[in-house]
Amino acid sequence: MIRFHNTLSGKVEEFVPIEPGRVKLYTCGPTVYDYPHIGNWRAYIFEDLLKRFLRFRGFDVTHVMNITDVDDKTIKGAAAKGMSLEDYTRPYIEAFYAERDILNALPADHYPRATEGDNIQGMVAIIKSLLDKGYAYRKDGSVYFAIDKFPSYGRLSKINLEDRRPGSRGDADDYEKDSVHDFALWKAPKKGEPVWETEIGPGRPGWHIECSAMSSRFLGLTFDIHCGGVDNIFPHHENEIAQSEAANGVKFVNYWLHCHHLIVDGEKMSKSKGNFYRLSDILAKGYAPEEVRFLLLSTHYRKMINFTEEALAQARTSRNRIRNLLFELRHIERDLPPAPAVAQAIETARAGFASGLEDDLNISEALAALFELVRSVNTVVSRGELGREDAQSVIDFVADIDDKVLACLTRDAPAPADADTLEAWVREKIETRQKARAGKDFRRADEIRRELLEAGIVLEDTKDGVRWKKAGTAKS
RNA sequence: GGCGCGGUACCCAAGCGGCUAAGGGAGAGGUCUGCAAAACCUUUAUUCGUCGGUUCGAGUCCGACCCGCGCCUCCA
């Protein structure tokens, strides 16, 4: 049984899709006024884990992620550079796709942009329906949603509007509304802003309406899962529910999953504090993308991650424990009959891994199952009792869950163009060192080993000869 | 003020009513090794922020309190 924490109920619930075997998933994507930061990736990697797990369990997942390319920030940014919205947002969209691939997140099936194709028309249709039904009203060319017409407003965020602290609302809009809590569906034209001529008049969409329109376009009026960061619960997702359910008269989303924030060195990431990181900043420190992904993945999605250099280092050593086993297994050549204990250990790990993730994506439990396999297999290896066949079974199992779910264990960086010359150079060094060792010239042998280490090559002297691997790529 | 999250070993982190409190890192001792690396074995919380309560039995449920944090305005 798969269970997820549903923000709507505040509880962990059994997951039952609308249509057996299929999951319709919508995740709030980037607002492309700037490059994505590592906190954004926490959310997208959580969503990737969710999607991969559902596919792992055999569901056919349709995933839609919107790209917000028209809002206050993109308009302002484009205006400041004297560019069109499209030209202004393009590099950020491209960076988002590029980083997604670097972090090995699966692409969504659709990435609708708000300004693209008929999307604005879709939004207008909902707004029109809301006006017809009396949920929305016009004011000075703008259209607002009247939240007092929608009694269940606040159900998702558990916000009682009467309790909201007076004076803290800091209305950023320059528009007049009947009630301060009402939100804009459609914004009247302003100088220097893009304008769409539509049935409800000229203007541009409010922020929330795009998700209502674009989710329904691909997933239907009611769909299974909607994700985002906790900060989206209010007002964004609350407003989406109000708009969609008022307009359509049916439930909008069955399961709302929200991930917690990532903080850096114990503090919220912000540009003014100077603790604002992009993926490229982390990679520049010498960490591999897979190590970053492992860290983002290895903390439960509803728990805050404290992103620190130490956490990154721990993610690396932790991940290396698994990779060291795979390295070891690839060198096993003995032919021994398969040990029943190994097959048993693999099955235990497979079951533990799956049941951990089934329980609201309990990644700690899933990884613990994997690490228990690592230890038990290492034990057999250290006794020299593991044969080639068993080794391959373990490799296949790890490759399988990595390929389908974790996506950060077995994939190696592409070999550099000069891989062959590197290989030859290392072989030559090892040979020289072996001669030195044979002549008990350990000082010379250690020198060579140190030289290789500085080049990022780790040597291991084993009974069956010397072997080498690339070290972690961090500078220290 | 309202809503919500968290406080489990040196660090990260599961467990959420009942066998000896998962797992990873780090530390200590041992094995292997010329020395390393990797790995294995042993070891590191009579105790789960504090104080009460419920219970035959509580990190696990209830209440109060202390500490840290997020949201309530754009934000993953």
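The analysis underlying the following values was restricted to heavy atoms, covering all of them including side chains, and did not include hydrogens, waters or symmetry mates. Just so we're clear, the structure is a prediction, and the values are computed from it rather than from any experiment.
Using atom P as the reference point in both B:U47 and B:A9, the two lie 12 Å apart (nearest Å). On the C1' atoms, B:G25 is 11 Å away from B:A13, given to the nearest whole Å. Going from the P atom of B:G7 to that of B:G17 covers 16 Å, rounded to whole Å. One C1' atom belongs to B:U50, the other to B:U8, and the distance between them is 15 Å to the nearest Å. Taking atom P on both nucleotides, B:A37 is separated from B:U31 by 15 Å, rounded to a whole Å. Rounded to whole Å, the P atom of B:C62 lies 12 Å from the corresponding atom of B:C5. Separating the P atom of B:U46 from that of B:C10 is a span of 9 Å, rounded to the nearest Å. For B:C48 and B:A58, the C1' atoms lie 11 Å apart once the distance is rounded to whole Å.
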Per-nucleotide protein contact along nucleotides 35-42 of chain B, 5' to 3', at a 4.0 Å heavy-atom cut-off (B base, S sugar-phosphate only, - neither), is BBBSSSS-

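The separation between A:K463 atom NZ and B:C32 atom P is 10 Å, rounded to whole Å. A straight line from CD1 of A:I305 to C1' of B:C5 spans 15 Å, rounded to a whole angstrom. We find that CZ of A:R302 is positioned 15 Å from C1' of B:A13, with the value rounded to whole Å. Separating the CG atom of A:L367 from the C1' atom of B:G24 is a distance of 9 Å, rounded to the nearest angstrom. The CG atom of A:N275 sits 14 Å away from the P atom of B:C69 (whole-angstrom rounding). Protein atom CD of A:E310 is 13 Å distant from nucleotide atom C1' of B:G24, rounded to whole Å. The separation between A:N40 atom CG and B:A76 atom C1' is 5 Å, rounded to whole Å. Atoms CG (A:L370) and P (B:A13) sit 19 Å apart, rounded to a whole Å.
Of all nucleotides present, none satisfies the Watson-Crick or G-U wobble test against B:G57 with each distance under 3.5 Å. Shown here, B:A39 forms a base pair with B:U31; the pair counts as Watson-Crick or G-U wobble because both key distances fall under 3.5 Å. Pairing for B:U46 is absent, with no Watson-Crick or G-U wobble pair whose two atom distances lie under 3.5 Å.
Applying the salt bridge (charged side-chain N to carboxylate O under 4.0 Å, His left out) rule to A:E372 yields no partners; only residues at least two apart in sequence or on another chain are considered.
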Hey, mind stepping through A:F96 and A:M65 against side-chain contact (heavy atoms from CB on, under 4.5 Å) and telling me if it holds?
-> CA-CA 12 Å; A:F96 169 74; A:M65 179 184 271; 3.5 Å; yes

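A sub-4.0 Å separation between OP1 or OP2 of B:C74 and a side-chain N or O of A:K76 is absent. One finds no side-chain N or O of A:K158 lying less than 4.0 angstrom from the OP1 or OP2 phosphate oxygen of B:C71. Look at A:N306 and you won't find any side-chain N or O under 4.0 angstrom from OP1 or OP2 of B:C12.
Between A:F4 and A:Y255, the ring center distance fails the sub-6.0 Å criterion.
Below 30°, between 30° and 60°, or above 60°: for A:H226 and A:W256 the angle between ring planes is below 30°, a parallel geometry.
Here the side chain of A:Q314 is nearest to one of B:G23, B:A76, B:G25, namely B:G25.
A distance-only check finds no donor-acceptor pair linking the side chain of A:S376 to the backbone of A:A345 [under 3.5 Å].
Where stacking is scored as ring centres under 5.5 Å apart with planes under 30°, A:F371 does not register as stacked on the base of B:G23.
Among the protein residues, A:S298 comes within range of no part of the nucleic acid, since none of its heavy atoms lies under 4.0 Å from any strand.
Applying the 3.5 Å distance criterion, the base of B:G23 shares no donor-acceptor pair with the side chain of A:E372.
Nearer the 5' end of RNA chain B, as judged by each residue's closest nucleotide, is the contact made by A:S318, out of A:N232 and A:S318. Remark on RNA chain B: of its neighbouring residues A:A445 and A:A43, the 5'-side contact belongs to A:A445, judged by nearest-heavy-atom nucleotide.
If you check the side chains of A:E210 and A:N66, you find a donor sitting under 3.5 Å from an acceptor.
Nearest heavy-atom pair, A:P194 versus A:L85, reported as atom, atom and distance to 0.1 Å: CG-CD1, 3.9 Å.
The side chain to side chain donor-acceptor pair (under 3.5 Å) with A:H208 is formed by just one residue from the set A:E238, A:E240, A:H237, A:H236; it is A:H236.
For A:R278 and A:Y35, the positive end sits near the middle of the six-membered ring, less than 6.0 Å away and at most 45° from its axis.
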